[in-house]
Structures are given as C-alpha cells and as structure tokens.
Q: 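Pasting a structure here, questions to come.
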Amino acid sequence: VSGKSYGYVGSYINELKALIELAEAKSVSNVLKSVLEPRRDLPGQFVDRPMRAGVPVNPSQRRTVDELKFALEKIQGPPGTGKSTTIFHIITARIPPGARVLVTCSRNVAVESIAQKLEHCSPYGLVVFGNASRIGETARSYLLDTKCERQPAVESTAKFSRRMHNAG
C-alpha cells in the first residue's frame, strides 16, 4: 500500500498504511492488537496501587478504575461527568510504573484538564501535542516545542544560530 496526501482521504490512507505495517510486525502489543481487531477483547496489564487522595473519586469512577480488564478501553460521557478524573486514577493506580500512556481527547478543555491533573505526577514525562493557540496554559507548558525551548542545550544552540545568521 502506498499513500499520498489528498486532504482528509490522504491522511486516512496514510493511517491505514501505518496500521497495515504494524499488523505485519513480528511483535505486536495487546493494545495494538485491540486497535487492529476491535471485536477481540485482549487482556490489559494492570497493577493495583492505592488511588491518590488529592483527587477525589466517586463510586462510579472507582468502579471503572477497579474493573479495568482489557488492553484497550474507552471512557465516554458528557462534559463534567469526571472522565479526566477517572483517567487520572487509571494512570496513577492501575498502569504499571514506567509504562507509556497515550490519552487522546477530542476537546481542548479535556486536554487541559488531564494536563492539570497529571503534571504533579510526572512533569518530565508529560508531553502534549496540539495547537498552542487552542489549548490551556497548563497543557501549553507541556507542548514538545515548549519543553525543548526550556532545555539549556536547545537555547544555546538557538543563540548560536541567531549569531551566525546575523553575521551572515
């Protein structure tokens, strides 16, 4: 399969091509297998740690966190029902230490809410991708570009580049 970008359709074709390549890989995680075969429930790898006291949890959220089973699960509900809080508790209480987590949100308000909750857990490991003009202040501080700009080596390289540019 080869793909060229033709707007939205091209983007879809490229995503499909990437999924096909991943499906043909020798080693595929249960999460990826769940994406590739959505009708097949594959077990997740979870641990049991106490939930953090600083972020309140209601009985429904606790039940959702406690009853996780599969490698790929979806948290869905109307605004204000506690999805970000539930995701926070899943990450801090059920995901094995050192594991990588990908959280996707369709609304920028949700990105900000998740960033605010997670920034106290692992500020160095949190990376946000999105449009800087559309996300909140907390999430903006974890954009990849923002994190790079704060690195001393990046700043010194940028200064050197500006000096070279100005010198011609």
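All residue numbers refer to positions in the sequence shown, counting from 1.
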Q: How close do Ala115 and Leu126 get, counting heavy atoms only, and between which atoms?
A: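 Looking at all heavy atoms of both residues, the closest pair is O-CD2, 4.0 Å.
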Q: Check for a donor-acceptor pair, side chain of Arg94 on one end and backbone N or O of Phe46 on the other, with a separation under 3.5 Å.
A: no
Q: Return the minimal non-hydrogen interatomic distance between Ile95 and Val47, and the atom names on each side.
A: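 Between these two residues, the closest heavy atoms are O-CG2, 3.7 Å.
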Q: Say you draw a straight line from NZ of Lys117 to NE2 of His89; how long is it, rounded to the nearest 0.5 Å?
A: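 NE2 of His89 is found 8.5 Å from NZ of Lys117.
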Q: Can you list the residues that meet the salt bridge (charged side-chain N to carboxylate O under 4.0 Å, His left out) rule with Arg140, with sequence neighbours excluded?
A: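 Result, salt bridge (charged side-chain N to carboxylate O under 4.0 Å, His left out) vs Arg140: none returned.
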Q: Within the side chain of His165, is there an N or O that forms a donor-acceptor pair under 3.5 Å with the backbone of Phe160?
A: no
Q: Are any side-chain N or O atoms of Lys83 and backbone N or O atoms of Pro78, one a donor and one an acceptor, separated by less than 3.5 Å?
A: yes
Q: Following the transitive rule for hydrophobic clusters with a side-chain heavy-atom cut-off under 4.5 Å over Ile, Leu, Val, Met, Phe, Trp and Tyr, establish whether Phe70 and Val101 coincide in one cluster.
A: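 Different hydrophobic clusters.
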Q: Has Gln45 got a side-chain atom pairing as donor or acceptor with Pro96's backbone, closer than 3.5 angstrom?
A: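 A pair under 3.5 Å: no.
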Q: Indicate if Leu42 and Leu72 have the same hydrophobic cluster label, given that clusters are the connected sets of ILVMFWY residues with side-chain heavy-atom separations under 4.5 angstrom.
A: no
Q: Could you tell me the separation between the CD atom of Glu73 and the CG atom of Asp41, rounded to the nearest 0.5 Å?
A: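 Going from CD on Glu73 over to CG on Asp41, the span is 8.0 Å.
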Q: For Thr138, does its backbone N or O pair with a side-chain atom of Glu112 as donor and acceptor, under 3.5 Å?
A: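 Yes, Glu112 side chain to Thr138 backbone: donor-acceptor pair under 3.5 Å.
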Q: Closest approach of Met51 and Asp66, non-hydrogen atoms and distance?
A: CE-OD1, 3.9 Å
Q: Say you draw a straight line from CD1 of Ile75 to OG1 of Thr64; how long is it, rounded to the nearest 0.5 Å?
A: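 Atom-to-atom, Ile75:CD1 and Thr64:OG1 are 6.0 Å apart.
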Q: Side-chain heavy atoms nearer than 4.5 Å, only ILVMFWY residues, links allowed to pass through others: does that put Ile91 and Phe88 together?
A: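 Result: yes, single cluster for both.
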Q: Testing Thr92, Ile87, Ile90, Asp48 for side-chain contact (heavy atoms from CB on, under 4.5 Å) with Val65, which one passes?
A: Ile90
Q: Quick one: are Leu143 and Lys147 in side-chain contact, heavy atoms under 4.5 Å?
A: no
Q: Taking all non-hydrogen atoms of both residues into account, name the closest pair between Gln61 and Pro56 and its distance.
A: OE1-O, 4.1 Å
Q: Taking Thr86's backbone N and O only, do any of them form a donor-acceptor pair with Arg62's side chain (distance below 3.5 Å, no angle check)?
A: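 Checked: no pair found.
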Q: Counting only N and O atoms by type, is there a donor-acceptor contact under 3.5 Å from the side chain of Thr146 to the main-chain atoms of Tyr142?
A: no
Q: Using a cut-off of 6.0 Å, state whether more than 12 heavy atoms not belonging to Arg162 lie near its atom CZ.
A: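 It does: Arg162 CZ has more than 12 such atoms within range.
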Q: Looking only at heavy atoms, which two atoms of Asn108 and Arg134 are closest? And how far apart?
A: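 Shortest heavy-atom contact: CB-O, 3.3 Å.
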Q: Can you see which heavy atom on Cys105 is nearest to which on Ile114, and at what distance?
A: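 Heavy atoms of Cys105 and Ile114 come nearest at SG-CG1, 4.4 Å.
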Q: Does any N or O in the side chain of Gln116 come within less than 3.5 Å of the main-chain N or O of Ser113, such that one atom is a donor and the other an acceptor?
A: no
Q: Let's go through Leu144 and Phe129 carefully: what are the C-alpha distance in whole Å and the side-chain angles of both, what is the deciding distance for side-chain contact (heavy atoms from CB on, under 4.5 Å) to 0.1 Å, and is it a yes or a no?
A: CA-CA 7 Å; Leu144 186 58; Phe129 296 92; 4.0 Å; yes
